Each structure stands twice: as C-alpha cells, then as structure tokens.
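First comes the structure, then the notes that go with it.
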Amino acid sequence: DSGVTQTPKHLITATGQRVTLRCSPRSGDLSVYWYQQSLDQGLQFLIQYYNGEERAKGNILERFSAQQFPDLHSELNLSSLELGDSALYFCASSVGSGQGSGEQYFGPGTRLTVT
Amino acid sequence: AQSVTQLGSHVSVSEGALVLLRCNYSSSVPPYLFWYVQYPNQGLQLLLKYTTGATLVKGINGFEAEFKKSETSFHLTKPSAHMSDAAEYFCAVRTNTGNQFYFGTGTSLTVIP
C-alpha cells in the first residue's frame, strides 16, 4: 500500500458526460501528479500540482482540468467525454516540488470506461 | 529534452532463468533513473532508483540495475525469475533540473513455468 488513495475505483459513463476523479496523497506529500494510461498511448503525464499551485503540465487536453485543495487532495475533472478517454487514471504523490531524486508514489488508479 | 526507450515490449523467460529488461535514456544533464513494476490491476510500485554514487543499484524482490553513463543505459536484471515476477515494468527518468518524470512504454514480462 503506497498510502495514496484514489476514488472511485471504477467509473462507467456515457459520451459527452463529465466526471471527477479524486486523489488523496500520502501524508506529508505536497505534490500530486496525474497520469493517463491507455493501451495505445502508454503512461502519459497530465499535470502536477504542488501545495495548491499548478507546477507542470504535460499532455493534458483542454477538456480536462485539475486542482489541488488546501487539504492537499486533488481532483481531476474530465468533461465532454469521448470513447478515447477510456483509460486508467493514476494519481501519484511526492514529498517535494518534484525536483531532486525523490520518487513518486502511485495510487491504485481509477478505471474510466466511456460508452 | 529527456526520453526513455525500453527495448522489447514483451519479454518471456523460463522460471529460474535470468531476467534482463532494457532501458536507454536520453538526457542532456545528469539523470535520476527509476524502475517501477505494475502488477495486474494495480498501481505502479517503485523497484529501485539511481540518484548518485554507486552505479549498481539493488532493489526489492531481488532486482538490480546498473547505470552505465557511457551507454546511457539502466538495464534491469534478476538472476533467477520467479512466477510472481510476471508484471509490466516501466523505466523512468527525471533530471536534477526538472520535475517531470518521463516514462518508457513498458515491458511486459511473462514467466514460463
């Protein structure tokens, strides 16, 4: 158990809908990272937040957004969902801002299925 | 820019045989290198990491990796494969000036009894 929690574990929704994925980092970790894992794209970095502020942006679509709250949990919002958004979404956390040798700790993931 | 290449998306070994999973990276500055393992329906778990110092790094479950700067490689090895090693393995790199992880495309390891 990495200490990172994600809810829900599974999510099935229809095209055009909007969903929110939630992540709680390990106790003491200030950074949260979001990743999308699909069969054809592999593991893609979406976005990082550090202590409530956006720190780095990867291949995140404009239909997707995220935020980190004062209690350090984070939410990833996916809107106008398309079939191609079906994937595993992982959250990871780390102690610092991400620089340096510290590793990321991954949550169990949320499996999103868009029908 | 940094990138990671994992040669071989699928590797099969017999139980008890040597495991060798290849990872090459490109980085213009000294890298930090990581290997993660993902078991079915689970998140990624850190196996080992290289930061500075000794180039041979030992990780969990009997795995180790050697950082070879001249070859820009960080291959993962285990002397004797066990059935429980069947999983997806990811190599990742981050530089000491950046905060983003760059992951390889993964190698699926199958262990044949």
Side-chain angles (χ1 to χ4, degrees), chain A residues 1-7 9-10 21 23-26 29-51 53-60 87-111, chain B residues 1-10 23 25 27 29-55 57-60 63 65 67 74 87-108:
Chain A
D1 184 354
S2 66
V4 178
T5 60
Q6 290 186 248
T7 56
K9 192 166 181 139
H10 300 278
L21 313 184
C23 168
S24 292
R26 290 188 325 152
D29 285 0
L30 298 179
S31 275
V32 169
Y33 309 77
W34 286 98
Y35 292 86
Q36 179 193 58
Q37 185 180 37
S38 60
L39 283 174
D40 56 342
Q41 295 283 330
L43 194 62
Q44 298 282 318
F45 167 68
L46 297 179
I47 196 165
Q48 178 205 358
Y49 277 81
Y50 172 69
N51 205 21
E53 307 232 338
E54 183 183 305
R55 180 57 68 106
K57 217 168 194 177
N59 301 321
I60 189 166
L88 261 174
Y89 291 84
F90 286 107
C91 167
S93 71
S94 68
V95 173
S97 62
Q99 293 194 351
S101 59
E103 61 264 35
Q104 296 180 6
Y105 294 86
F106 282 76
T110 292
R111 181 173 293 280
Chain B
Q2 292 74 45
S3 68
V4 176
T5 302
Q6 290 184 242
L7 292 175
S9 57
H10 298 276
C23 172
Y25 68 92
S27 174
V29 294
Y32 299 121
L33 296 159
F34 306 79
W35 274 101
Y36 282 84
V37 60
Q38 183 181 26
Y39 298 103
N41 300 313
Q42 293 187 28
L44 279 70
Q45 178 185 356
L46 181 70
L47 267 180
L48 49 80
K49 68 177 183 181
Y50 167 78
T51 55
T52 57
T55 56
V57 180
K58 293 189 186 297
I60 62 172
F63 284 94
F67 170 58
F74 191 57
E88 187 91 15
Y89 291 81
F90 293 91
C91 182
V93 62
R94 186 171 74 208
T95 69
N96 59 6
T97 57
N99 55 6
Q100 185 172 331
F101 267 56
Y102 294 87
F103 281 88
T105 51
T107 297
S108 177

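Heavy-atom basis, side chains included; hydrogens, waters and symmetry copies ignored. From a predicted model like this one, the values you see are computed outputs, not experimental measurements. Residue numbers begin at 1 in each chain, while the letters A, B, ... track the order of the sequences.
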Report summary line: In this structure, CD of A:Glu103 is separated from CZ of B:Arg94 (nearest 0.5 Å) by 9.0 Å
Requested in this report: Kindly indicate, with the supporting measurements, whether the criterion side-chain contact (heavy atoms from CB on, under 4.5 Å) is fulfilled by B:Phe34 and A:Gln104.
Outcome: CA-CA 10 Å; B:Phe34 306 79; A:Gln104 296 180 6; over 6 Å; no
Query raised in the report: Does the ring center of B:Phe101 lie less than 6.0 Å from the ring center of A:Tyr35?
Result: no
Requested in this report: List in chain and number order the residues that pass side chain to side chain donor-acceptor pair (under 3.5 Å) with A:Tyr49, two or more places apart in sequence or in another chain; answer none if no residue qualifies.
Outcome: none
Requested in this report: Pick one of side chain, backbone, both or neither for A:Gln6, based on which atoms fall under 4.5 Å of a heavy atom in chain B.
Outcome: neither
Report task. Would you name the heavy atoms of A:Phe106 and B:Leu44 that are closest together and state the gap between them? Result -> CB-O, 3.3 Å
Query raised in the report: Do you know the tightest heavy-atom contact between A:Phe90 and B:Gln38?
Result: CZ-NE2, 3.2 Å
Query raised in the report: Mind checking what makes ring-ring contact (aromatic ring centres under 6.0 Å, His included) contact with B:Phe90, not counting sequence neighbours?
Result: none
Query raised in the report: Would the number of heavy atoms belonging to other residues, nucleotides or ligands and lying under 6.0 Å from CZ of A:Arg26 be above 12?
Result: yes
